[in-house]
Every structure is written in structure tokens, then in C-alpha cells.
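Each remark here refers to the structure printed beneath this line.
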Amino acid sequence: MEFQNEEELLYKARKAEGMKFHEIDLTGRLNNPNSKGHLGQIIEESFFGYEVNSKAEADFIELGIELKVTPVKELKNGQLSAKERLVLNIIDFHKEVQKSFEESSFWKKNESLLLMFYKWIPDVPRGEYQILKSHLHRFSEADLQIIRNDWSIIVSKINAGQAHLISEGDTAYLGACTKGANRNSLRTQPFNDLPAMQRAYSLKNSYMTTLARKVITNEHLVSIADAIELQEKSIGQLLSDRFKPYQGKALNWIARELGIYLNTKSKSFLQIFVSALLGVKGTSLEDIEEFSKANINFKTVRLEPNGLPREHMSFRNIDFFEWVDEDWASSWLRSHFEETKYLFVVFEYRETKTENPNRKLYFKGVSLWNMPMEEIEGRLKDFWLQVEGILKEGVVLNKTKRGVANNLPGPRSNGLCHVRPKGRDGDDHTPLPDGQSIAKQAFWIDRTYIGEILKEV
DNA sequence: GCATGATCATGC
DNA sequence: GCATGATCATGC
């Protein structure tokens, strides 16, 4: 079927809204177990009636529009979320470095995307999935500035001979995710003899989630930067600049200046502080567009006069059954640190607690950080494997004077991260795969490592 | 002084 | 009720 213009195409695409895949499939692809997951092909073939292809040109060539069929899911709290990142075209490391953004394979193929969102439901046959929304997506100017910057980051890594070290965490909206049957899907790279994992451009899960919520459930977010500002600065630079006027100032001075009440003990302290400094007082941080799309999380850090935090930094509690069920490549830990950026909001004490129990807190600055790939595939991986081994062999629990000791890797065991308890009390237990029960444990990053990252702030 | 196990406070 | 961000407290 040929479409004369995009209105015609969109009119047709919208007719799919509300339909289930078994109502669309005319060629029996749904029942073919070898045609795994290719719901997009059913749409191409049975709904739009054109031959399935994998050409470099866009799917609707005449219109320069690329078709993408992509799942969303419902979270436990009822909110809509992208089920996965949107995987775009494969990157040819050799060719891409010779191009400008405008000539890039990314832009050539994905400038206009016809997105068809369908709802994925666990344990339901694929034919029952329903198309929720057809949407013609064009990048806003502000998004485009960030994506240009992301594209340059990816290309400069290839130029630096580091195609094998690319990580999704390096960029904000546009990622370069691994794509291939397995870890042996390797390709050569132009400036290094080391082979690199095959990679494709992708729009990050967080970007797709934000987009789905906007398009499907009309949720609106607050933006902190416009296209003009983003033309000159990355999000990281922009944030440092916004926070700069307050650097080195005492917290109570800042609070007075901004007309906010800050109780450092309160859990909403960080929200209030950051949103006030960014000029969007009262907005919760997850409702800030740029943070939501780039999957930026927040952590407060309080440095002691020696430049180290007093405490290690805790993350989510560990589900030990999940740990042994997954393998490293698909583990929560790996994906989390590959896909998440952290904005550390750093404060410092200038006196020790013994010198002055009522010491003041000063704002030191912010730092946008993601765990480098070398670290993820190095110490983090070793740690993950070590824990997996202990869980499979059985955890050794020993009652001591101070509670129950275990043989999971503790602080300083690798300089990066460790396992430590985090629960209501010592009786707040969780089951282990070996049948025992242990006080709830969390994943922690060592304070020395945090201190190291924040040295330059 | 720090590792290490334990616990608090808050918000959903 | 529980996860999460944060902090306490003590023995080595």
C-alpha cells in the first residue's frame, strides 16, 4: 500500500488503535514459534501490506518515516512505563565516524518515527496484546540538542578507539545499546584492534517511558532548559552552572535566600532543595522532563572535613532469589548501573562532629555521574559473580556478640561496593536460596569510592 | 578509626 | 507494611 502523504498514513495507523494482534495477523506469523517477538512484522505485512525488509532507508520511503512497534506495560503503582528501550539501526563504527550528525545513519533513518504502542501483559499470549496508540514522533528542538550531544559522545568514543567501552550511561536520551545474538556478536572498530560488541542506536527506556506517558496518558512534565541553552551546554554543564551561585554557601543562608524551609532530616529535603535551586519550586524531581527522560536519580552526599562521606551509600534491597535466577548480563545490578545516571548533590561539614556537634552544613556543588563501563565489567562484575557463588554454595551465618555475621563481601572487600544489612532491625529477615533466612541486606557503594568520585566537585 | 551489624524516619 | 534514604553504635 502506498501513502500519498503523512496524514493518510497516520489516518490508517490510527485505525489499528484498540485492535489486538490476532485480529491483525493475516499470515499466521503469530502461530509460528520461529518468528519470535516480531510483532512489528505483523503490522508491516498484514496491516500496512508491504514486504518485510531491513534496509537502511526508512520503512515508508516516500515519506521518510520509520515504523516502530513498541511495548508499554503497567507498573505496580498503575503508572504506564515503556517495557524496553526502543532499538533503532545498527551502528557501523567505520562509517559513522566519517559523518556529521545530519548525515548520520541515526538521523537518516529515524528523523520521523511512526510509533505504535501496544500493551504488554505478563503471561498473556501475544495475540491478545492490544495496540493502544499510533503516534508520529518528531524530536522537539530541545530534545534534538540533547540527542545531538549524545550522538557526538558516542562518535567521539569510537574516534578514541573505545567502541568496546561504550555504555548507555554515557549519554542522556540517545543510547548505543548492544545488539546481537550473544556476546560473540562482535565487530571491528576503526581506531583499535580490539573487537567491540555490535551496537545499535536506541532511545532509552526512560525517554520512551516519558514519551508514552505524554502521548498515551497525557502526563505533562516541567522542563528546566530550552533548546537555545542546550545548544551550548550538555545537561551536566547546565546543572553545574545552575547550582554554581550557591556553591560554598551555608545551607541556612541558601534557604533564607530562596524563601524555603529546609529540614535536613526530612526525606523531602533533597526535593525541596534541588527544585528550588532550579527555579521550579514545589515540583517533584521525577516531574522534571530532562531528569525523567535521561533517567537521572538523585543522592545527597555529606562530606566530612577529610573529604569522605561518613557513611557508605545504600541502594535498593537485595532480592537473593532474583540474584541467582539471573545471569550477569541480564542482572538488575548491571542494567541499573549501565542505564542510570546519578546527580550527587554534595554538602560538606567544615568541622568534625567532635569539634562542633552543631556544625553547619555547606553546599559544595553537584556532580552528574554514571558508573564507567570499565568498572561495571570489572569490579562490579567480579562482585556480582562472587555473591552469586556464595549464594549457590550457601551463605555462612555466624552468631556473634554484635549480631549475626555473614560471609557476603563487606566494605573494603573490593574498594567499590559491598553487601550490608538494611532493615527495620536484626529480626527483619528475608529468605536465602539455600533455605536459610538472613537480616535484609542492601547493595552499598563504599564511601571511599564516593569520596574519590567527588574529589573534583 | 573504621568495619560492621543494627536501626531510624518517612512516605507510599 | 514495607522499601528506601539515611544514620547510629560498638567492638575490634
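Side-chain atoms are counted along with the backbone in the values below, which use heavy atoms only and exclude waters and symmetry mates.
A donor-acceptor pair under 3.5 Å is absent between the side-chain atoms of A:Glu375 and the main chain of A:Pro372, judged by distance alone. For A:Arg213 (side chain) and A:Leu80 (main-chain N/O), a donor-acceptor pair under 3.5 Å exists by modelled atom type. Between the side chain of A:Glu17 and the backbone N or O of A:Ser134 there is at least one donor-acceptor pair closer than 3.5 Å.
Residue A:Arg302 places at least one side-chain N or O under 4.0 Å from the OP1 or OP2 atom of C:dT7. For A:Arg424, no side-chain nitrogen or oxygen approaches OP1 or OP2 of B:dT7 to under 4.0 Å. Phosphate contact (OP1/OP2 of C:dG5, side-chain N/O of A:Arg316, threshold under 4.0 Å): absent.
Look at CG on A:Leu397: it is 15 Å from C1' on B:dT4, rounded to the nearest Å. One atom, CG of A:Leu270, and another, P of C:dT7, lie 12 Å apart when rounded to the nearest Å.
Relative to the side chain of A:Lys299, the nucleotides B:dT7, C:dG5, C:dT7 differ in distance, and C:dG5 lies closest. Candidate nucleotides C:dA6, C:dA3, B:dG5 were compared by shortest atom distance to the side chain of A:Thr300, and C:dA6 ranks first. When distances run from any side-chain atom of A:His312 to the nucleotides C:dC8, B:dT4, B:dA6, the shortest one goes to B:dT4. Residue A:Ser314 has its side chain nearest to C:dG5 when only C:dG5, C:dC2, C:dT7 are considered. Among the nucleotides C:dT4, C:dA6, C:dC8, the one closest to any side-chain atom of A:Arg420 is C:dC8.
Taking the charged nitrogens against the carboxylate oxygens, A:Arg334 and A:Glu326 have no contact shorter than 4.0 Å, which rules out a salt bridge.
Nucleic acid contact class of A:His418 (heavy atoms, under 4.0 Å, all strands): none. Among the atoms of the strands shown, base atoms are found under 4.0 Å from some heavy atom of A:Lys422. Within the 4.0 angstrom heavy-atom criterion, no nucleotide atom of any strand lies near A:Ala442.
DNA chain B is contacted by both A:Asp427 and A:Leu308; A:Leu308 maps to the nucleotide lying nearer its 5′ end (nearest heavy atom per residue).
For the pairing with A:Phe363, the ring pair (Phe, Tyr, Trp, His ring centres under 6.0 Å) check across A:Phe273, A:Tyr349, A:Tyr246 returns one residue only, A:Phe273.
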